[in-house]
Amino acid sequence: MVEINRTFLSCIAIACVVAALALAGCTGEQKNQNSPEQQTLIVGGYRDFKGCSQVKANVFNTFLDIGDDGRPQPGKLVESWEISDDGKEYTFRLSQGVEFHDGTEWNSTTAKWFFEWCSNARSTNIVFQKIDDVETEGEYTVKISLNEQYGAFLKDLTSPWRSEVIPPTAVKPERSKQGEIVDFIGTGPFKVEEYVKGQKAVIVRVKEGEESKVDKIIFKTIEDSQSRVSALRAGDVDIIGATEHHASIPYESVPTLKEDSNIVVKRQSYGRVQTLEFNCVDGPAKDINVRKAVNYAINREDMVEKLLAGVAPPMPTILTPRYPFANSLEGKGYPYDPAKSKELLSEAGWEDTDNDGIREKNGEDLILDYVVPKGEANANSIAVFVQSELEEVGIKVNVQIMERGAAGKAEDEGNFDLYLHHMYGIPGLPEGPLTGIYWSENPDPGDKWKYHSEELDSIIETALSSGKDEDYAKAYGLLQEEHACVPLYDIEKIVAHKKEVKGFEFSPSIYRANFGTVYLEK
Amino acid sequence: MVSDVGAFIAKRLPWAVLTIFLASLLSFSLLYFSPGNSAEMILSAEMGHEPTQEAVQSFVKNFGLDEHFISQYLGWMSNILHGSFGSSLRTGDPVLEEFMARFPATFILALSALSFALIIGVSFGVLSAVKPNSWLDYLGNVIASTGIAIPSFWLGLLLIFFFSIQLNILPSFGYGGLEHLILPTIALGSHQVARILRVTRESMLDVLGEDYIVFAYAKGLTEKVVVIKHAIRNALNPVVTQAGLDLGYLLGGTVIIEQVFGWPGIGSFLLTSVMARDFPVVSGFVLMIAFLFVLINLLVDLSYSIIDPRVKLEGVK
């Protein structure tokens with residue numbers, strides 16, 4: 001009995017070890033070893049392939065493309081379009097000679113099926129709820145009628161979540177308008193060869209003969225940002241930071257990466273600003289002088305130098321003035337001027353009468369509640385910096401770092417004076433911040449506490465209907481004058497890759513990454 | 001023996017079902033009542049900015065998130081009884097598919113870490129007890145103290161720095177061959193090594209002081225025979241208990257190590273789902289983890305009587 005039990009236990013122990021080792025398999029992949037015949041690029045990213053629009057942009061095309069200015073433009077699938085006078089009929093002229101990866105032809109029949117399928121499968125997207133009818137007019141023309149005017153129609157057709165175009169053969173049952181996607185078939189320069197959920201996707205170039213460019217991309221999911229940096233430094237991946245729509249490489253890692261002679265670091269602004277929204281309805285910040293005082297009290301240059309390794313540019317305007325729709329902000333940046341800040345607070349009636357360093361009015365201390373949703377990049381150190389800057393002018397700041405859900409609730413209920421968030425970037429500009437935050441018609445409960453005025457509403461409505469840059473610029477000019485928020489810094493996207501990776505260019509949209517032009521120097 | 005085991009399982013079964021049910025109810029209600037709107041959080045994570053209210057309402061309606069708690073919970077339970085765990089609000093894929101895609105990775109890492117801990121922990125635990133106050137005992141103490149004191153994520157980063165970046169001999173992340181398993185196993189198992197080493201040492205010291213060990217020595221048996229044949233077996237029960245608890249804990253997801261080493265297990269996915277209030281995933285995963293925990297506890301209890309025949313299964317006459 002003793003012998004049997006001992007044998008039994010030994011077997012279990014050995015089985016545990018063997019099972020662990022065997023299950024791990026012997027399919028280990030080596031680091032990138034490119035042959036002259038094949039170029040393989042290993043990309044490290046945060047998301048799983050299915051949820052990563054940047055990598056999928058190499059496999060799928062969206063119905064319309066997006067330009068550097070964030071506006072819809074003709075692309076691989078559509079040559080041109082016309083809009084009826086009432087804005088309810090869109091006639092698209094489709095590109096000819098385009099095929100899906102499985103050989104299915106792109107024409108008006110496949111386009112019609114695609115929109116009808118979207119009306120079922122992607123019915124939660126508002127754009128498809130607006131479609132009333134889709135008609136084919138010849139082999140390469142399709143006419144879409146809307147049930148009501150929808151200004152964002154074309155923009156939505158550039159969105160990877162809404163309009164990644166698939167053929168009727170990618171769903172099961174095939175050609176069904178209710179079918180479920182069972183295969184990754186697109187019209188992009190790469191097609192999917194292998195996909196392992198939560199781990200990796202291997203995509204290969206469709207057209208042969210482009211020897212000078214990468215033939216294969218292995219996209220690996222690495223959720224932790226520091227782990228992605230380590231993987232690049234160890235040479236386990238070739239490029240990081242390209243497949244997220246935010247700055248996914250920690251700023252503090254950038255100097256280390258730059259020091260590495262085998263690594264190249266690139267930066268690109270998408271006009272996305274890290275911002276503190278004021279509660280302009282309830283609390284001290286409803287007074288514009290307090291808002292001005294806060295904006296003048298923060299030394300943004302010092303902040304990015306000390307906390308962000310000088311990587312992110314300081315942003316003294318609500319948007320970067322280099323865009324035509326924000327050129328009214330040129331030369332209007334908030335200066336660092338603590339003396340003026342103090343003066344403004346005194347003008348507003350806030351004085352430090354008891355010499356405790358905090359200003360008071362009507363017996364109440366000047367205290368601002370600063371809500372930080374947990375997980376927001378660099379947010380905690382920035383909060384402490386802002387706290388110390390405002391203390392210098394006599395404002396006490398209570399920093400409240402909250403779990404995201406709790407922070408959202410505090411925002412909805414107006415339990416904040418300053419709320420940290422990141423603004424929209426291209427392609428969400430120029431309309432995103434206006435319709436998504438400052439327009440009174442926006443029904444989001446958290447936004448009713450933000451800056452609103454009849455004058456601003458009227459300018460926003462004019463801009464939305466005209467679509468002209470100067471109208472948008474007017475709206476942003478007013479928001480800057482009214483000190484609607486505290487812009488902090490430009491959240492630039494940072495990409496780091498091995499020195500031998502060449503030809504990488506930033507895409508016009510934060511939601512895309514184009515690896516089609518990349519090659520590896522031999 | 002077989003009927004004993006059957007009776008034992010029959011007695012434990014209602015408690016097991018109750019435990020699993022309570023775990024599911026707790027996870028579902030905690031997530032439901034905690035602040036935050038699933039639709040807003042999922043849509044804003046996906047799009048990188050706040051979604052429009054129209055989009056939020058459409059999402060809420062589509063997934064039935066506006067229904068009352070009881071109705072949502074009953075609907076979820078009813079689906080489970082019909083074999084469906086629902087679909088993830090974030091990925092749109094079935095929860096069971098999400099779990100099964102990730103569980104093998106967690107299982108392998110947990111098993112590997114536990115095996116590492118058992119081999120190192122039991123070996124040093126026994127040697128420390130047999131040779132108290134020797135250099136082996138001191139070495140065992142150092143291993144136990146450092147294993148407990150060093151946070152696993154920090155050890156993980158150190159291992160990556162030395163073995164992947166400086167020496168460039170092991171991969172810094174990923175899931176694949178044996179070489180991928182080495183660093184996460186050490187980082188994850190170091191804590192368990194320390195615990196198992198301590199438990200083994202204490203237990204062995206107790207056993208070595210027993211009369212039957214003195215008698216075995218008096219019989220003229222060599223130390224090797226006494227320790228291996230008589231002492232270790234009798235000292236194993238607490239070690240098995242500790243190992244069983246550790247395995248249950250490890251299977252529950254080793255979030256930090258999975259994150260540091262880019263290991264595609266259930267832990268990091270579960271954490272992201274909690275943050276996004278993806279309650280079908282969280283509730284489904286908790287249910288399955290609770291099931292595994294109960295199962296492992298049951299197996300540990302059963303193993304006592306196999307390791308030590310003097311132990312009778314509770315509830316069996």
Side-chain angles (χ1 to χ4, degrees), chain A residues 1-2 5-6 8-9 13 16-17 19-21 23-29 31 48 50-51 123-126 129 161 197-199 220-224 226-228 230-231 233-236 245-246 375 403-406 408-409 421-425 428 432 435-437 442-444 510-511, chain B residues 34-37 40-41 46-50 52-56 58-59 62 90-91 93 97-98 101-102 104-105 107-108 111-112 114-115 118-119 157 160-161 164-165 168 171-181 229 233 236 258-262 264 268-269 272 275 277 306-307 309:
Chain A
M1 184 66 183
V2 170
N5 284 337
R6 192 196 293 162
F8 174 74
L9 282 173
C16 283
V17 178
L21 300 184
L23 282 169
C26 295
T27 54
E29 283 162 15
K31 291 182 183 186
D48 175 65
K50 270 175 97 173
S123 60
T124 50
N125 285 315
I126 295 145
Q129 294 166 8
W161 297 287
K197 198 177 194 46
Q199 291 181 39
K220 296 194 169 187
T221 305
I222 314 171
E223 289 192 343
D224 183 65
Q226 284 297 352
S227 301
R228 287 194 294 276
S230 299
R233 291 181 66 202
D236 293 334
H245 56 243
H246 52 276
E403 193 272 331
R404 234 162 231 286
K409 196 174 176 223
H421 79 128
H422 48 264
M423 271 285 186
Y424 293 70
T435 54
I437 301 173
N442 169 26
D444 190 308
I510 47 175
Y511 303 122
Chain B
S34 57
N37 180 327
E40 261 184 39
M41 293 169 86
E46 187 181 78
M47 299 162 76
H49 55 73
E50 284 183 26
T52 63
Q53 205 59 15
E54 212 176 351
V56 171
S58 175
F59 189 96
N62 195 44
R90 277 189 307 142
T91 66
D93 290 337
E97 187 186 312
E98 296 286 4
R102 291 169 174 84
F107 183 68
I108 287 166
L111 222 53
S112 170
L114 190 67
S115 305
L118 281 172
I119 291 166
L157 292 173
I160 290 173
F161 181 74
S164 304
I165 296 176
N168 204 8
S172 63
F173 82 100
Y175 175 69
L178 291 179
E179 70 272 23
H180 289 95
L181 199 57
K229 202 163 181 181
R233 267 194 80 203
L236 269 184
E258 285 180 8
Q259 292 249 330
V260 169
F261 289 98
S268 46
F269 187 74
T272 321
M275 296 300 181
R277 301 283 185 278
I306 297 171
I307 295 165

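Sequence lines set the chain letters: A, B, ... in the order given, protein chains first and strands last, and positions in each chain run from 1.
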Would you mind telling me which of A:Gly408, A:Ala231, A:Gly51 has the largest number of heavy-atom pairs within less than 4.5 Å of chain B?
-> A:Ala231
Does A:Lys220 pair with A:Asp236 as a salt bridge, N-O distance under 4.0 Å?
->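 No salt bridge links A:Lys220 with A:Asp236.
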Answer whether the closest heavy-atom distance between the side chains of B:Phe107 and B:Leu111 falls below 4.5 Å.
-> yes
Do the non-hydrogen side-chain atoms of B:Phe269 and A:Asp48 ever get within less than 4.5 Å of each other?
->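 Not in contact.
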Of B:Leu157, B:Thr91, B:Asp93, the largest count of non-hydrogen pairs under 4.5 angstrom with chain A goes to B:Asp93
Please check if the distance between the ring centroids of B:His180 and B:Tyr175 is under 6.0 Å.
->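 They do not qualify: ring centres at least 6.0 Å apart.
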Could you look at B:Leu118 and say if it's the side chain, the backbone, both or neither that has a heavy atom under 4.5 Å from chain A?
-> neither
Is chain B contacted by the side chain of A:Thr221, its backbone, both, or neither, given a heavy-atom distance below 4.5 Å?
->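 Contact with chain B: backbone only.
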